[in-house]
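Reviewing the structure listed below.
In what follows, every chain begins at residue 1, and chains take the letters A, B, ... in the order their sequences are listed.
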2 protein chains.
Amino acid sequence: MPLAPPRPRLPSLNALRAFEAAARCESFTKAAEELGVTAGAVTQQIRQLEAWLGIRLFDRLAQGVALTPAARAALPRLSRSFDMLAHSVQDLRAAHENRALAIAALPCIAQLWLSPRLPALQQAFPGLLVSITAMEQPPDLKREPYDLALFYLEDAPTTAQALDPDAILPVCAPAIARRLENTADLANETLLHDAVWRDDWARWLASAGAPKTIDPHGGPAFSLYALALDAALAGAGVLMGRMSLIGPHLEAGRLAAPFEYRLTMPDRLTLLAPPDGPSHPRVAAVMEWLGSSANSQPSS
Amino acid sequence: MPLAPPRPRLPSLNALRAFEAAARCESFTKAAEELGVTAGAVTQQIRQLEAWLGIRLFDRLAQGVALTPAARAALPRLSRSFDMLAHSVQDLRAAHENRALAIAALPCIAQLWLSPRLPALQQAFPGLLVSITAMEQPPDLKREPYDLALFYLEDAPTTAQALDPDAILPVCAPAIARRLENTADLANETLLHDAVWRDDWARWLASAGAPKTIDPHGGPAFSLYALALDAALAGAGVLMGRMSLIGPHLEAGRLAAPFEYRLTMPDRLTLLAPPDGPSHPRVAAVMEWLGSSANSQPSS
DNA sequence: TGACGAGACTTAGATTATCTCAGTCTTGCG
DNA sequence: CGCAAGACTGAGATAATCTAAGTCTCGTCA
């Protein structure tokens with residue numbers, strides 16, 4: 001007795017993923033960002049899912065969306081499903097012999113902290129392949145396929161290893177440093193900023209007791225810290241430097257610190273590993289190596 | 001420090017689903033059938049996933065495929081992920097007020113057993129919406145969105161309710177029955193078969209001690225039991241009838257049973273509910289009602 | 001009170017992803 | 001040796017998904 005009409009099946013998996021993200025973020029815009037698509041795409045996916053289910057999942061408010069009770073009730077299990085799915089994929093990836101150790105890092109950390117250490121890392125772990133991906137926000141290591149993440153964090157989760165506290169202080173080309181005697185002299189200099197850390201100058205100036213007449217937000221802001229650093233090296237102004245990032249330049253004399261005062265920061269360079277145990281055979285060893293390498297500044 | 005290149009994300013969810021099905025079935029062809037696509041589509045999805053992961057998931061043998069150890073190791077968690085995903089969707093569907101009770105059934109059960117009971121069911125449960133989907137194989141109720149399934153099964157799981165044992169016996173139009181005195185007379189009659197139950201005549205004839213000269217596989221086979229039944233009602237031959245399906249016709253005299261002997265079958269009509277508890281508020285009551293309605297044959 | 005901004009919606013059209021189809025290849029089996 | 005089963009391939013069709021650009025609604029702020 002055959003007769004097999006295409007059975008009604010699950011809704012589109014992509015629509016479910018969009019819903020999960022939107023529900024977790026409570027925002028279509030944020031979900032779209034997370035998924036790497038436009039908000040309109042999320043709108044359509046959610047609508048499609050609502051049509052399939054025959055129920056409303058979000059209440060559309062003027063300002064954003066709100067989960068319906070039914071959607072809220074189903075969310076935890078749905079999220080756990082995607083967590084488990086991602087975990088399964090990690091299992092599969094783990095089978096890849098000698099695969100690259102995937103590191104996610106803040107762009108400035110990738111360029112200025114990790115990159116200089118790579119030669120020594122390669123020497124310490126012969127044959128190790130490393131892939132580095134720069135991103136602004138720490139990835140969800142339960143979900144995304146990275147073996148290690150390097151970010152500045154104030155509160156490190158238990159699976160993480162936070163390095164020694166970091167400090168900031170003004171740095172500049174030696175020629176500029178020579179004409180700076182006290183913080184008031186900064187009024188005549190160009191202050192260089194990183195776009196994300198725009199407040200660092202204000203914090204340092206306040207903490208150092210500098211005259212309030214200095215505009216802590218004047219001067220150019222760079223979208224990449226490395227660009228701001230290049231500008232400082234070229235003598236274009238005074239940069240608020242992070243010791244962990246500009247230490248080697250200070251030691252080598254390419255940069256000078258006109259003022260002694262260092263402001264210790266609450267966020268520390270942190271090594272994060274996936275919560276479900278190391279996903280790459282050498283993660284633990286590499287983490288330990290990187291942790292101890294933090295004290296011995298790389299040469300050059 | 002922006003700069004956000006599209007991050008590497010999870011592999012295609014559809015590819016994962018295809019892999020899960022293929023791995024579970026250990027066959028691309030069966031997986032394709034389950035997913036309702038062609039085998040070529042599965043081939044391509046698996047290849048895409050293998051390329052993404054950088055590992056081989058199946059060993060291609062001349063005759064079919066074999067899971068690699070890595071794939072086999074990851075399968076259980078992956079399957080559970082999809083189970084949980086489906087479960088989440090059920091949660092969402094459950095929020096739909098007054099939604100239809102989705103019943104999956106063997107086509108012959110849907111047409112000949114369930115259909116005649118629907119009027120009384122509607123009367124017993126006013127306002128209840130019912131949707132019926134016919135299919136050859138019981139759906140995986142962990143995965144597919146049905147609230148109730150009706151199939152002939154030998155071993156019912158604990159969540160199921162098996163009805164009284166069923167029996168088969170030859171039935172035909174009364175005019176034909178009058179010229180049949182003993183089983184040997186069947187040699188001169190056309191035997192009607194259901195394509196799926198092609199062996200039922202052989203089992204009954206052997207059990208009834210009929211002459212071995214009768215060819216138990218002669219005569220036309222119908223792809224739908226209801227078609228074979230129509231042929232029998234029209235006097236085209238003798239059908240091996242299931243009591244649960246042709247009972248009303250016997251009672252009404254439209255069909256006659258030329259021989260007394262009934263062979264009790266090992267598979268019984270079984271009501272299956274999803275393992276995670278009733279997904280529809282009235283499932284339990286409907287199951288009970290259907291179970292007790294089995295004894296009271298519907299009229300007409 | 002009115003301009004603005006945030007956030008979601010809509011539609012058309014473009015872009016991808018996915019599927020089918022038809023033919024091929026290999027191998028086990030009669 | 002021919003056939004059947006099961007998987008592969010590549011081209012082309014189809015369907016799913018995304019983007020883009022313009023709307024709409026409401027808060028917020030001047």
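- A:E20 and A:R24 are joined by a salt bridge, as a carboxylate oxygen and a charged side-chain nitrogen come within less than 4.0 angstrom of each other.
- Mapping A:T29 and A:N14 onto DNA chain C via the closest heavy atom, the residue that lands nearer the 5' end is A:T29.
- In this structure, A:T38 reaches the D:dT19 phosphate: one of its side-chain N or O atoms is under 4.0 Å from OP1 or OP2.
- Each of D:dT19, C:dC9, C:dC19 was ranked by its minimum atom distance to the side chain of A:V37; first place goes to D:dT19.
- Side-chain atoms of A:Q44 and base atoms of D:dT19 include a donor and an acceptor less than 3.5 Å apart.
- Closest to the side chain of B:Q45, out of C:dT18, D:dT17, C:dA8, is C:dT18.
- Between the B:T68 side chain and the B:L57 main chain, a donor and an acceptor come within less than 3.5 Å of each other.
- Nucleic acid contact for B:V65: sugar-phosphate only, since backbone atoms but no base atoms lie under 4.0 Å from a heavy atom of the residue.
- Here the nucleotide nearest the side chain of B:Q63, chosen from D:dT17, D:dG6, C:dT10, is D:dG6.
- At D:dC24, none of the side-chain N or O atoms of A:R60 fall inside 4.0 Å of OP1 or OP2 (strictly under the cut-off).
- Looking at B:H193, its side chain never comes within 3.5 Å of a backbone N or O of B:W201 through a donor-acceptor pair.
- Taking a cutoff of 4.0 Å between a charged side-chain nitrogen and a carboxylate oxygen, A:R93 and B:E50 do not qualify as a salt bridge.
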